[in-house]
Amino acid sequence: MPFLPTVLIGYKREERDRQERTCASYKAAIPGSIVDYPLCWGNDYRDLSLICRNDLGIEPPRVYDMGFDYNNCGTSCCKGGIGSRVLEAIRFPDRFERDMSWEEKMRAKAGSLEGKSFCARVVDG
C-alpha cells in the first residue's frame with residue numbers, strides 16, 4: 001500500500017477507555033496506522049447513520065434503520081442491554097434464541113459467569 005488507511009470506529013465520547021485500548025492495539029499491530037472516531041467529531045452528539053451518509057458517502061448498516069444503536073457482533077453484543085435484546089427478539093428471533101441458549105450454557109458452568117445474565121436490572125437493591 002502506498003499509505004495506510006485511516007480506520008474509523010463508531011465509539012461514543014464516553015467510551016474513552018475503549019478508544020485508548022483500540023488505538024494502542026492498532027499501533028502495535030500496524031505501526032503508523034491512524035484510528036479516528038467520527039462520533040466524537042465536533043462538539044455535539046452525532047448520529048452514526050448521518051455521518052455515514054453525509055460525511056463518508058456510504059450506506060450505514062441496515063440494523064440502524066431497524067432501531068439498533070450499534071452494529072457490534074451482528075446485534076448480539078453483550079453490551080447492548082435489555083432494550084437491544086428485546087429488539088433482537090423481535091427483529092431476529094432465531095439469533096435471539098441462539099444467543100439465549102449460549103447464555104444459559106454459560107450460566108450453568110461454574111466460574112465467573114455462573115448465575116449471571118448479560119441483561120440484568122436491579123431495582124430497589
Side-chain angles (χ1 to χ4, degrees):
M1 289 187 294
F3 59 90
L4 292 174
T6 298
V7 179
L8 301 176
I9 300 178
Y11 292 157
K12 297 174 183 172
R13 287 184 198 284
E14 59 270 16
E15 297 179 291
R16 185 63 65 193
D17 58 326
R18 292 181 75 195
Q19 292 174 18
E20 291 171 4
R21 288 193 312 268
T22 299
C23 281
S25 178
Y26 270 96
K27 284 192 187 306
I30 309 170
S33 62
I34 298 169
V35 181
D36 200 359
Y37 306 97
L39 293 179
C40 299
W41 297 347
N43 295 323
D44 298 323
Y45 168 79
R46 302 196 70 215
D47 178 84
L48 185 57
S49 291
L50 294 176
I51 290 169
C52 287
R53 285 188 182 104
N54 299 338
D55 295 0
L56 305 174
I58 59 175
E59 275 303 305
R62 66 187 178 102
V63 296
Y64 291 110
D65 290 334
M66 297 174 148
F68 290 89
D69 62 353
Y70 65 91
N71 188 35
N72 302 338
C73 309
T75 71
S76 295
C77 182
C78 63
K79 293 178 114 331
I82 294 170
S84 293
R85 285 292 183 209
V86 170
L87 193 53
E88 182 185 42
I90 293 167
R91 298 287 192 167
F92 302 105
D94 293 346
R95 194 179 295 175
F96 176 80
E97 288 300 323
R98 179 203 65 202
D99 294 346
M100 292 303 100
S101 174
W102 180 85
E103 186 176 322
E104 287 294 327
K105 288 176 190 171
M106 293 302 106
R107 271 200 290 248
K109 289 183 174 185
S112 63
L113 295 177
E114 184 176 16
K116 294 187 178 168
S117 173
F118 283 138
C119 298
R121 181 175 290 154
V122 177
V123 177
D124 295 329

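These numbers were taken from a predicted model, which means no experiment stands behind them. In what follows, every heavy atom counts, from backbone to side chain, and hydrogens, waters and symmetry copies are set aside.
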Shortest non-hydrogen separation from Arg46 to Pro38 and the atoms involved:
NH1-O, 3.4 Å

Pairing donors with acceptors under 3.5 angstrom, does anything connect the side chains of Thr6 and Asp36?
no

I'd like to know whether Arg53 forms a salt bridge (charged side-chain N to carboxylate O under 4.0 Å, His left out) with Asp65, so could you lay out the CA-CA distance, the side-chain angles of the two residues, the decisive distance to 0.1 Å, and finally the verdict.
CA-CA 13 Å; Arg53 285 188 182 104; Asp65 290 334; 3.3 Å; yes

Test side chain to side chain contact (heavy atoms under 4.5 Å, CB included) applied to Lys27 - qualifying residues, sequence neighbours left out:
none

Main-chain N/O of Glu97 paired to Ser101 side chain as donor or acceptor, under 3.5 Å
no

Less than 4.5 Å apart, side chain to side chain, heavy atoms only: is that true for Lys109 and Lys105?
no

Fit a plane to each ring of Phe92 and Phe68, take the angle between them on a 0 to 90° scale, and name the class: parallel (under 30°), tilted (30 to 60°) or perpendicular (over 60°).
tilted

In the structure I gave you, are the side-chain heavy atoms of Pro93 and Glu88 within less than 4.5 Å of one another anywhere?
no

Please name all residues satisfying side chain to side chain contact (heavy atoms under 4.5 Å, CB included) with Leu48, sequence neighbours left out, ordered by chain then number.
Leu39, Cys52, Tyr64

To the nearest 0.5 angstrom, please state how far the CE atom of Met100 sits from the CZ atom of Arg107.
7.5 Å

Tyr11 (side chain) donor-acceptor with Tyr37 (main chain) under 3.5 angstrom:
no

Would you say the side chain of Glu59 lies within less than 4.5 Å of the side chain of Ser49, judging by non-hydrogen atoms?
no

Trp41 and Asp55: side chain donor to acceptor below 3.5 Å
no

What's the spacing between Arg18 CZ and Ser25 OG if we round to 0.5 Å?
12.5 Å

Working for side-chain contact (heavy atoms from CB on, under 4.5 Å), residues Asp99 and Arg85
CA-CA 9 Å; Asp99 294 346; Arg85 285 292 183 209; 3.2 Å; yes

Will you find, in the side chains of Thr75 and Arg95, an N or O donor that is under 3.5 Å from an N or O acceptor?
yes

Check whether Leu4 and Tyr26 end up in the same hydrophobic cluster, where Ile, Leu, Val, Met, Phe, Trp and Tyr are linked by side-chain heavy atoms less than 4.5 Å apart.
yes

Might you confirm whether atom CG of Asn43 has over 12 heavy atoms from other residues, nucleotides or ligands at distances under 6.0 Å?
no

Any heavy-atom pair between the side chains of Arg16 and Gln19 that's under 4.5 Å?
yes

Shortest non-hydrogen separation from Cys23 to Val35 and the atoms involved:
SG-CB, 4.0 Å

Report yes or no: does Glu15 contribute a side-chain atom to a donor-acceptor pair with the main-chain N or O of Lys12 at less than 3.5 Å?
yes

With the 4.5 Å side-chain cut-off for hydrophobic clustering, are Phe3 and Ile34 part of the same group?
no

Quick one: do Ile9 and Ile30 end up in the same hydrophobic cluster if we chain Ile, Leu, Val, Met, Phe, Trp and Tyr together by side-chain heavy atoms under 4.5 Å apart?
yes

